[in-house]
Number of protein chains: 2
Amino acid sequence: MQSKPTTIKEIARILNISPSSVSRGLHDHPSIGAVTREKIKQLAKSLNYEPNNAAILFQKGKTYTIGVILPELSEHFFSIAISAIEDEAIKKNYTVIFAQSHDNYEQEVKLVEKMKNQRVDGLLVSISKGTSKFDHFEKLNSFNIPVVFFDRIPPFKNVHYVACSLESATIKAVNYLLKKGHRSIGMINGPSTLYASEERKDGYMQAITFNRLKFDPSLVVNCDLTEEGTIDAANQFLNHKRKPTAIVAFNDYVALFLIKYFKKLNVINDFDIVSYANLPIISYLDNSPVASVEQYPYLQGQKAANILLDLIHSPNSENQAYYNTIVESDLIVNEVKE
Amino acid sequence: MQSKPTTIKEIARILNISPSSVSRGLHDHPSIGAVTREKIKQLAKSLNYEPNNAAILFQKGKTYTIGVILPELSEHFFSIAISAIEDEAIKKNYTVIFAQSHDNYEQEVKLVEKMKNQRVDGLLVSISKGTSKFDHFEKLNSFNIPVVFFDRIPPFKNVHYVACSLESATIKAVNYLLKKGHRSIGMINGPSTLYASEERKDGYMQAITFNRLKFDPSLVVNCDLTEEGTIDAANQFLNHKRKPTAIVAFNDYVALFLIKYFKKLNVINDFDIVSYANLPIISYLDNSPVASVEQYPYLQGQKAANILLDLIHSPNSENQAYYNTIVESDLIVNEVKE
DNA sequence: AAAAACAGCGCAAACGTTTGATTAATTTTG
DNA sequence: CAAAATTAATCAAACGTTTGCGCTGTTTTT
């Protein structure tokens, strides 16, 4: 049933003209007369001609495709971000291909390789937790494939990136708690290897010292972000000599474990919790965090995509400055608990 | 800085052999001698040769790419499903490109067209809410691009699909409630135009009649799935002459609205709620549904992807049977509420 | 010693499209 | 009316890779 798809060549053969004329006719090139042009278009339509993208891409050396590499698509943050990326890409007639590193460095390296072989026109990357070397991205330069990092970015400035300032967000969060009267504030931070942990800690310290309070390092505990780890951290706070009355949780998952544990111990009302937004419905919880740091995944994805498309379209000047875009994150205060 | 990428031709030129030999050498073709082969491979490595995928794809007429069209990537169900799809695809060395229809029929038509022009090797589709015509998929036949529908499938059998049996799931759900002693069970169903609504209703009716109870149509109300719609539906139940003691909610979002409303009215404890799983953390709610219909998005994605890859690899026999795969959904009973 | 087999490689076409250069025919210009 | 300009189309190369076939020279078989 399915015969070979119609090609330009075939149209040319039937019309007894050259393939180049057909191509030009279909593209409204001025050097093709109106009558021929119409004949071409009509026949193309009636033969159900569809341009062979593979051929065009090959010919042009452009794929009109951007690659996205991220850790886990099933994480809400990333699913929103990539949703935004696709929305932007399609506006400019680009296609999105993606792959998940599953927070595995080796996999990430492979995927970068694969994306390069696919000759994507550009790459968006949110790096995996395990990534501390970045030379796998350097090859892309020689292939002239621009890279924009988003959210999970490398710890240096000479790359393009879009990210949230977790530091300033954390300052806002801690300030909010201080303003509410809390004087001992705990923080459940992530693994110390994570840049995001550093930012949170820095923000915490800044807010504390700015308010002329003394920074107590024992109130910032690292955590592996599992439920057990969270419980460990919680216990440290419960047994702390200056038991905190508020806790900044690394993210909503941690907050969730924390709330669950505190409810079990029936001490949930002794704490105000602030978290970083990952889960859309956490505010529906009965004892939801009093405030949440919104990281605007859609906006981040959008900006990253647009920067990448810019880079793709701009003639690659070597002396190009790097886009270092910070999306201000906001502290969203939940309605007063009844 | 970035020179043109190395090509086979160049390697051939440098080594003073033909491009075909280089190609064969790189592919370990037996007709190339060991010494030449090694020379080729060494030079290729030292010149950082990377095969130009665009050229290969074009040459082979295969893209090793599968397309995914779905309504909303930001919906948890779909993000899990596509995550599974990517996991399966990459195992077989396929790449995934995707696009969102945003539940818009026209957009879906465009995307199918685009995917076809991209010459994807196969297509996975979860149709948009607004889709009632399906001829936009027929063109794909003539391009020999197999399609597998998943989750949101067309209402006929002569296509490949993977879906959950919402009907049997609903039977399980209602049976569970009946077993718990409920005798008046309400159902907040979706718009009557949705196939999914039909299935739920059918399941409801079957369970009721199988248990020799009388089916009361007024206990199944249609709803536009918004918060207002949910409240309207809830009110109908609250004012019902046989006020239900349990409610089957169309999905977790509806359940969420319902719980919120019932809590506000302080009648939450008068109801057992059962829902269909969309939101991963709904079980963390204080008054979470007593049970949830799990639709296994990962499994669905996985199966759909594998079927598609099968179809891609199988020589397309015209008389091929259609894959109509049903993923049994299970009723997940939450732990007893404290 | 002639015939057959084989190893190792090159030739050239092919995939479908685009595009700069060229040609031929027509029209405009001085 | 010859020269210049315009119009409409063609030619051919190019993009990078793969692959069937053919060629040469060596080795094995009869």
Side-chain angles (χ1 to χ4, degrees), chain A residues 2-41 43-44 47-65 116-121 142-144, chain B residues 2-41 43-44 47-65 116-121 142-144:
Chain A
Q2 75 296 332
S3 46
K4 293 279 149 230
T6 312
T7 69
I8 280 194
K9 283 184 180 179
E10 200 177 329
I11 297 179
R13 199 179 44 75
I14 298 178
L15 252 37
N16 241 322
I17 58 181
S18 77
S20 42
S21 297
V22 177
S23 172
R24 291 189 160 103
L26 290 171
H27 289 84
D28 293 322
H29 192 281
S31 84
I32 298 296
V35 281
T36 325
R37 175 166 20 90
E38 287 317 311
K39 267 200 294 186
I40 292 170
K41 289 195 174 178
L43 185 60
L47 288 183
N48 257 314
Y49 168 74
E50 303 285 346
N52 180 329
N53 242 282
I56 296 174
L57 304 182
F58 164 59
Q59 214 284 136
K60 297 208 164 182
K62 268 205 69 168
T63 55
Y64 291 93
T65 296
K116 183 198 59 208
N117 285 3
Q118 294 268 1
R119 298 286 196 275
V120 292
D121 287 344
S142 57
F143 284 82
N144 208 13
Chain B
Q2 75 295 331
S3 46
K4 293 278 147 233
T6 312
T7 69
I8 281 193
K9 282 186 181 178
E10 200 177 330
I11 297 179
R13 199 178 43 74
I14 297 177
L15 252 39
N16 242 323
I17 58 179
S18 77
S20 41
S21 297
V22 177
S23 173
R24 287 189 238 259
L26 291 171
H27 289 84
D28 294 321
H29 193 279
S31 82
I32 299 297
V35 280
T36 325
R37 175 166 21 91
E38 287 316 311
K39 267 200 292 185
I40 292 170
K41 288 195 175 180
L43 185 61
L47 288 183
N48 257 315
Y49 169 73
E50 302 286 347
N52 181 329
N53 242 282
I56 297 175
L57 304 183
F58 164 58
Q59 211 282 137
K60 297 208 164 183
K62 268 205 67 168
T63 56
Y64 291 94
T65 296
K116 184 199 56 205
N117 285 2
Q118 294 268 0
R119 298 287 197 274
V120 292
D121 287 345
S142 56
F143 284 82
N144 208 13

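Just so it is clear: chains get the letters A, B, ... in the order the sequence lines come, proteins before strands, and each one is counted from 1.
Residues satisfying the ring-ring contact (aromatic ring centres under 6.0 Å, His included) criterion with A:Tyr49, sequence neighbours excluded, are absent altogether. Among residues two or more places apart in sequence or in another chain, the side-chain hydrogen bond (donor to acceptor under 3.5 Å, both in side chains) test is passed with B:Thr63 by B:Asp121. Taking A:Lys116 as the reference, A:Glu113, B:Glu50 meet the side-chain hydrogen bond (donor to acceptor under 3.5 Å, both in side chains) condition, with sequence neighbours excluded.
Atom CD1 of A:Ile56 is separated from atom CD of B:Gln118 by 10.0 Å, given to the nearest 0.5 angstrom. Atom CD1 of B:Ile32 is separated from atom CG of B:Leu26 by 10.0 Å, given to the nearest 0.5 angstrom. Between the CG atom in B:Asn117 and the CZ atom in B:Phe143 there is a gap of 7.5 Å [rounded to 0.5 Å].
Contact check of residues 9-18 of chain B against DNA chain D (heavy atom, cut-off under 4.0 Å) returns B:Lys9. Within residues 29-39 of chain B, the residues that place at least one heavy atom under 4.0 Å from DNA chain C are, in residue-number order, B:Ser31, B:Ile32, B:Gly33, B:Thr36.
For residues 51-60 of chain B, the set of pairs meeting the side chain to side chain donor-acceptor pair (under 3.5 Å) definition, not counting sequence neighbours, is empty.
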Donor-acceptor contacts under 3.5 Å from residues 8-18 of chain A side chains, at least two apart:
unit_1  : atom_1 : unit_2  : atom_2 : d
A:Ser18 : OG     : A:Ser20 : OG     : 2.9
A:Ser18 : OG     : A:Ser21 : N      : 3.2
A:Ser18 : OG     : A:Ser21 : OG     : 3.1

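Think of the region where chain A sits on DNA chain D: with heavy atoms and a 4.0 Å cut, that region ends 5' and 3' at D:dA8 to D:dG16.
The main-chain N or O of A:Leu47 is found under 3.5 Å from a side-chain atom of A:Thr6 such that the two form a donor-acceptor pair.
Scanning both residues, B:Arg24 and B:Ser31, for their nearest heavy atoms gives CD-OG, 3.9 Å. In plain terms, the two heavy atoms of B:Pro51 and A:Arg119 that are nearest each other are O-NH1, 3.4 Å. Across A:Lys41 and A:Gly25, no two heavy atoms sit closer than the pair CE-O, 3.7 Å.
For the pair B:Phe58 and A:Leu57, the minimum side-chain heavy-atom distance is 4.5 Å or more.
If one axis is set at each end of the helix from C:dA1-D:dT30 to C:dG30-D:dC1 from five pairs, those axes are 50° apart, to 10°.
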Show each protein N/O and nucleotides 18-22 of chain C N/O combination with a separation under 3.5 Å, one pair to a line.
unit_1 : atom_1 : unit_2  : atom_2 : d
C:dT18 : OP1    : A:His27 : NE2    : 3.3
C:dT18 : OP2    : A:Ser23 : OG     : 2.7
C:dT18 : O4'    : A:Gln59 : NE2    : 3.0
C:dG20 : N7     : A:Arg24 : NH2    : 3.0
C:dG20 : O6     : A:Arg24 : NH1    : 2.9
C:dG20 : O6     : A:Arg24 : NH2    : 2.7

